[in-house]
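Atom set for the values below is all heavy atoms of this structure, side chains included, hydrogens, waters and symmetry mates excluded. Start at 1 and go down the list; that is how both ligands and their atoms are numbered.
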Amino acid sequence: MKVFKFGGASVKDAAGVRNVARILENFNFSQLVVVISAIGKTTNLLEEITRCYWNEPKSMELTALVSKLKDNHYSIVNELVENPEEINCKLQPVFTELENVLSSEKTDNFDFEYDRIVSFGEILSTTLVSTYLNTLGHKNIWLDARKMIITDSNYREGKVDWEKSVANVKKEITGTFKNEPASFVITQGFIAGTDNGNSVTLGREGSDYSAAILAYSLDAESVTIWKDVPGVLNADPKFFPDAVKLDEISYEEAIELSYYGATIIHPKTLKPLQNKNIPLYVKSFFDINASGTVISASIPKNLIPSYIFKRNQILITLFPKDFSFIGVDNLSEIFNIIFSNKLKINVMQSTALSFSVCVDNVEGHVQPVIDSLMKNYKVKYNNEIELITIRHYSSEVIDKVVQGRKIYLEQKSRTTLQLVVKGFFTKQSE
Ligand code: ASP
Ligand code: MG
């Protein structure tokens, strides 16, 4: 049994949906668990719908946004098949359900409403693709991920209850394949459910994680993420025209890369796979037979440098007001303040008299941190900071990325170099 994940870009139009069918055909449409995200930028549109419902329910704008959502889906169906009725009949009740939610009174929990509304994107995409494939005679079973993957009620970032989820997934999917060995399963990425049946999402871009949860639960042979890039690259090709594909990387390497901000795979995806030694393939949906990248336990011999640029950072440096040295007591106070404002530390460094942290400059979260710290510390900070992480660095590559900018902080381990610099990296010429 293999798990495939198709992101929003892979089903963004009729040609994309046909291409998904072509890929599945290559695998004989059997013993596959196919995880699909919302079509194109649907999740962003549903976020707008949620905000509008929250702020201006029953407004014209809300109606217009919902019409746009419908048009996006119906126009794909129109282009996809000659007789759209069969697919539209399945989409209509989903839209009606969404409209019922949007015309009901809201609760006082924004995140709950967000998950309830945003989860429709994946229900729509999987309904569309599943029905399309069924009409072509490729028999598949549509399963509701919200009934299989169970989380707590931490809406927008549900924490998975592994015991319950594994049991549900095994029962549902293994059962399906037992009854219909030649079929395949279509289910949603990104969405899950609470014990009492409410919709929950796993965090933006969470479909990769869904694929990993299913693979883990089923002891799948592999997971393949089909993308619009040839595999995992060593840098963002938008900035590095000479970015190269990494043919193989270890789980640890992939975890480190995504931890430092590489956006190729959702960071939570890798641990469950590593735990069961399930390889993860990242492949191009344009070129089915190309090798892509494999992420597994084996460690490749040639370690190519990888570059991760994290913009919009703020570097905060603190000096105790009472002339004491930086000690564990200060650190615990500082960490508590950062933690309670939900910020993540990307790099930190201390000297006898100062402590520096580089954090994401998240609006609304940084200022309260600075305000609280000012009670006991003199606080200096710098905006427009970029954090550069280079894995497997060499001295030649450093100048290339620093581009003469001022380095505020530098940290080196044997494998990783981190540089906090002022200003942003600009595209390299070819
Ligand atoms: N549709 C969701 C999002 O756009 C989940 C995903 O694409 O992985 O964030
Ligand atoms: Mg996506």
Only heavy atoms of [X], strictly under 4.0 Å: list the atoms of ligand 1 that pass.
{"X": "Phe190", "answer": "2 (C), 5 (C)"}
{"X": "Arg204", "answer": "3 (C), 4 (O), 9 (O)"}
{"X": "Thr43", "answer": "1 (N), 2 (C), 3 (C), 4 (O)"}

_With a heavy-atom distance limit of 4.0 Å, tell me whether Glu122 approaches ligand 1 through its side chain, its backbone, both, or neither._
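For Glu122, the contact with ligand 1 is made by the side chain alone.
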
Report task. Please confirm whether Lys5 comes within less than 3.5 Å of ligand 1 when only nitrogen or oxygen atoms on both sides are compared. Result ->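 No; the residue has no nitrogen or oxygen that sits under 3.5 Å from a nitrogen or oxygen of the ligand.
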
- request: Check each of Gly8, Ala9, Ser207, Ala38 against atom 6 (C) of ligand 1 and report the one with the nearest heavy atom.
  value: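 The residue whose heavy atom sits nearest atom 6 (C) of ligand 1 is Ser207.
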
Open item on the list: Per the ring-ring contact (aromatic ring centres under 6.0 Å, His included) rule, what does the pair list look like for residues 11-42, sequence neighbours excluded?
Closed with: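 Output for this query lists Phe4-Phe27, Phe29-His138, Phe29-Phe184.
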
Are the side chain of Arg405 and the backbone N or O of Val421 linked by a donor-acceptor pair below 3.5 Å?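 No; zero donor-acceptor contacts below 3.5 Å.
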
* Is the side chain of Thr63 donor-acceptor paired with the backbone N or O of Ser59 at a distance under 3.5 Å, no angle test? ->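 Yes, because the side chain of Thr63 sits within donor-acceptor range (under 3.5 Å) of the backbone of Ser59.
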
Practice problem: Quickly, which of Asp115, Val118, Ile149, Val200 forms a side chain to side chain contact (heavy atoms under 4.5 Å, CB included) with Phe190? Name it, please. | Solution: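 Single pass found, and it is Val118.
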
Practice item. Report yes or no: does Gly206 have a heavy atom closer than 4.0 Å to ligand 1? Key: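 Under 4.0 Å: yes for Gly206.
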
Original post:
If you measure from the Lys or Arg side-chain nitrogens to the Asp or Glu carboxylate oxygens, is any gap between Lys276 and Asp219 under 4.0 Å?
Top reply: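 Salt bridge present between Lys276 and Asp219.
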
Quiz prompt | Side-chain ion pair, Glu172 and Lys147, N-O less than 4.0 Å | solution =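 Result for this pair is no, no salt bridge flagged.
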
